[in-house]
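Order of the sequence lines fixes the chain letters, A, B, ..., with proteins taken first and strands second; residue numbering starts at 1 for each chain.
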Amino acid sequence: MTDSDAAAADASDDSEAASGGDHEADGGGTDGGSGDAPGLPADLGAVRGALVDWYEADHRDFPWRRTEDAYEILVSEVMSQQTQLDRVVPAWEDFLDEWPTTADLAAADRADVVAFWSDHSLGYNNRAKYLHEAAGQVESEYGGAFPETPDELQELMGVGPYTANAVASFAFDNGDAVVDTNVKRVLYRAFAEIHNADDPDYETVANALMPAGESRIWNNAIMELGGVACGKKPRCDEASCPWREWCHAYQTGDFTAPDVPTQPSFEGSRRQFRGRIVRLLGEHDEMDLDTLGHRIRVDYTPDGEHGREWLRGLLSDLADDGLVKIEEEDTQIIARLQ
DNA sequence: CTCCCGCAGT
DNA sequence: ACTGCGGGAG
């Protein structure tokens, strides 16, 4: 899309701007703009409309954006928490094919769900456990019907503030503004007040920005912005960012973003070996200690530094996490998914 | 190497 | 407030 428009240029506040979207701005006057969110542009209606129009004009067509089923949405959110969306698509489709409803998932063996998770390289196997557990909660505590408010959704295992608002928004159009690392980056760059704050209150600003009662379209739109136009490497013009005329970063050229804690390297980490163990146990049902050890690392020697004692430690933690069961038969030690 | 739509346990 | 948790892709 050609955009052009030199941008920064006029910082003038005229505007009703682009759009003509169908969303009429905020219900007049009530929030008069920046009442509880100093630092937001005065013409909030234009800012909101520009983003929503931009999203509606063109956005990535992920399959979970075509459903309003809370369970399907939840599965997509949990999978997306740290896996690239393009990789989530096939896993999401396979998962729902295998367990189409919360009743199906709740009735499944956890070991099968964990094995699926590992087999689809979705990482963080605890999330499979959480999802299985959450399905059980929906069945037993809500009679199979998802709660519809963020507060209630947060009671589900593995569902925190972000996921609760995402599900409430995308399934029920009933959420508050989502705040994840993408949204934080957008807000930090766009609005100087956030950028300059010692301890930015993202939640308050995000909610002040969101048009009340339109969480579904809004949260989709602002996350799309963070993913497509305002990623770590900004693509303002290429993506025709709708906020260029208001954006502090675009006008100053300062595209710094909030620090995201960097993970310790994965290669050689204990997480890597946990992952290998779970993957192997998903393929072999049960394995004895030394066979498992030799299969997860070439330098495994029963009595060496990375030997039985080391492996017992990993398995013990996996057992504490409820992912693995350790059985002692005679002198043999056998592990299987739990 | 970094990045990717967080959360639970402590 | 801090820590641990997978693994593919760029």
Side-chain angles (χ1 to χ4, degrees), chain A residues 55 59-60 62-65 73-92 114-131 133-134 137 150 153-170 175 177-187 199 202-203 206 215-216 218-235 257-282 296 313-314 316-318 320-324:
Chain A
Y55 176 76
H59 57 78
R60 295 170 295 176
F62 295 113
W64 46 85
R65 285 178 170 169
I73 301 284
L74 176 63
V75 173
S76 78
E77 291 300 332
V78 172
M79 288 183 174
S80 300
Q81 279 171 11
Q82 53 267 100
T83 300
Q84 285 87 330
L85 301 188
D86 288 340
R87 288 176 50 214
V88 167
V89 173
W92 183 79
V114 172
F116 175 100
W117 207 261
S118 180
D119 190 43
H120 286 72
S121 299
L122 289 166
Y124 300 105
N125 296 300
N126 277 323
R127 296 184 196 291
K129 181 185 69 178
Y130 296 154
L131 207 41
E133 175 80 18
Q137 287 177 276
L153 285 162
Q154 240 183 111
E155 297 300 314
L156 300 177
M157 189 62 65
V159 177
Y162 165 76
T163 308
N165 280 125
V167 174
S169 296
F170 304 143
V178 297
V179 178
D180 64 5
T181 57
N182 269 322
V183 171
K184 284 182 182 175
R185 187 175 55 247
V186 170
L187 298 179
D199 184 22
Y202 291 103
E203 194 179 329
S215 61
R216 177 180 287 140
W218 180 260
N219 285 324
N220 265 138
I222 196 165
M223 293 179 75
E224 183 76 357
L225 188 70
V228 169
C230 200
K232 173 165 183 135
K233 176 181 166 58
R235 300 177 57 248
D259 288 326
V260 293
T262 79
Q263 272 191 343
S265 84
F266 178 64
E267 189 62 31
S269 68
R270 91 186 253 105
R271 272 172 32 225
Q272 180 176 42
F273 292 109
R274 281 173 53 107
R276 287 181 182 175
I277 291 169
V278 170
R279 171 166 300 189
L280 278 170
L281 294 181
I296 63 172
L314 283 180
S316 177
D317 285 347
L318 284 165
D320 289 343
D321 283 346
L323 296 173
V324 166

Is it true that Asp317(A) and Arg274(A) make a salt bridge, defined as a side-chain N closer than 4.0 Å to a carboxylate O? no
Is any side-chain N of the basic residue among Glu203(A) and Lys184(A) closer than 4.0 Å to the acidic one's carboxylate O? no
Please give, in whole Å, the distance from [N] [atom2] to [X] [atom1]?
X         : N      : atom1 : atom2 : answer
Gln82(A)  : dC5(C) : CD    : C1'   : 8 Å
Asn219(A) : dG6(B) : CG    : C1'   : 16 Å
Tyr202(A) : dC5(B) : OH    : C1'   : 16 Å

Nucleotide of dC5(B), dC5(C), dC1(B) approaching Tyr124(A) most closely (side-chain heavy atoms): dC5(C)
Which of dG8(C), dG6(C), dC4(B) is nearest the side chain of Arg87(A)? It is dG8(C)
Is there a side-chain contact between Val89(A) and Trp64(A) (heavy atoms, below 4.5 Å)? yes
State, with a plain yes or no, whether a side-chain heavy atom of Phe170(A) is found less than 4.5 Å away from one of Asn220(A). yes
For DNA chain C, determine which residues of residues 270-279 of chain A have any heavy atom closer than 4.0 angstrom to one of its atoms, and list them numerically. Arg270(A), Arg271(A), Gln272(A), Arg274(A), Gly275(A), Arg276(A), Arg279(A)
Counting only side-chain N and O atoms of [X], is one of them less than 4.0 Å from OP1 or OP2 of [N]?
X         : N      : answer
Asn126(A) : dC5(C) : no
Thr181(A) : dG6(B) : yes
Asn125(A) : dC5(C) : no

Please work out if [X] contacts a base, only the sugar-phosphate, or nothing of the nucleic acid, heavy-atom cut-off 4.0 Å.
X         : value
Pro161(A) : sugar-phosphate
Ser121(A) : sugar-phosphate
Ser76(A)  : nothing
Gln81(A)  : sugar-phosphate
Thr163(A) : sugar-phosphate
Val178(A) : nothing
Thr262(A) : nothing

With respect to Asn165(A), which candidate in Leu153(A), Val179(A), Val178(A) satisfies the side-chain contact (heavy atoms from CB on, under 4.5 Å) definition? Val178(A)
Within the supplied structure, the quantity of interest is the number of heavy atoms (other residues, nucleotides, ligands) at a distance under 6.0 Å from Gln82(A) CD; does it exceed 12? yes
Compute both the distance and the angle, then confirm whether Arg127(A) meets the cation-pi test with Tyr124(A): under 6.0 Å from the six-membered ring centre, within 45 degrees of the axis. yes
Hey, does the side-chain of Thr83(A) have a donor or acceptor N/O within less than 3.5 Å of a partner on the base of dG6(C)? yes
Output the distance between atom CZ (Arg185(A)) and atom OH (Tyr202(A)), rounded to the nearest 0.5 Å. 10.5 Å
Does the side chain to side chain donor-acceptor pair (under 3.5 Å) test come out yes or no for Arg65(A) and Ser76(A), once each step is laid out? CA-CA 10 Å; Arg65(A) 285 178 170 169; Ser76(A) 78; over 6 Å; no
Just do the side chain to side chain donor-acceptor pair (under 3.5 Å) check on Tyr162(A) and Gln81(A) with the steps written out, would you? CA-CA 10 Å; Tyr162(A) 165 76; Gln81(A) 279 171 11; over 6 Å; no
Separation between the P atoms of dG6(C) and dG9(B), rounded to whole Å: 14 Å
Considering only the P atoms, how many Å lie between dC5(B) and dG4(C), rounded to the nearest integer? 24 Å
Here the helical stems involving DNA chain C, each at least 3 consecutive Watson-Crick or G-U pairs closer than 3.5 Å, sorted by first residue number, are B:1-4 with C:7-10, B:6-10 with C:1-5
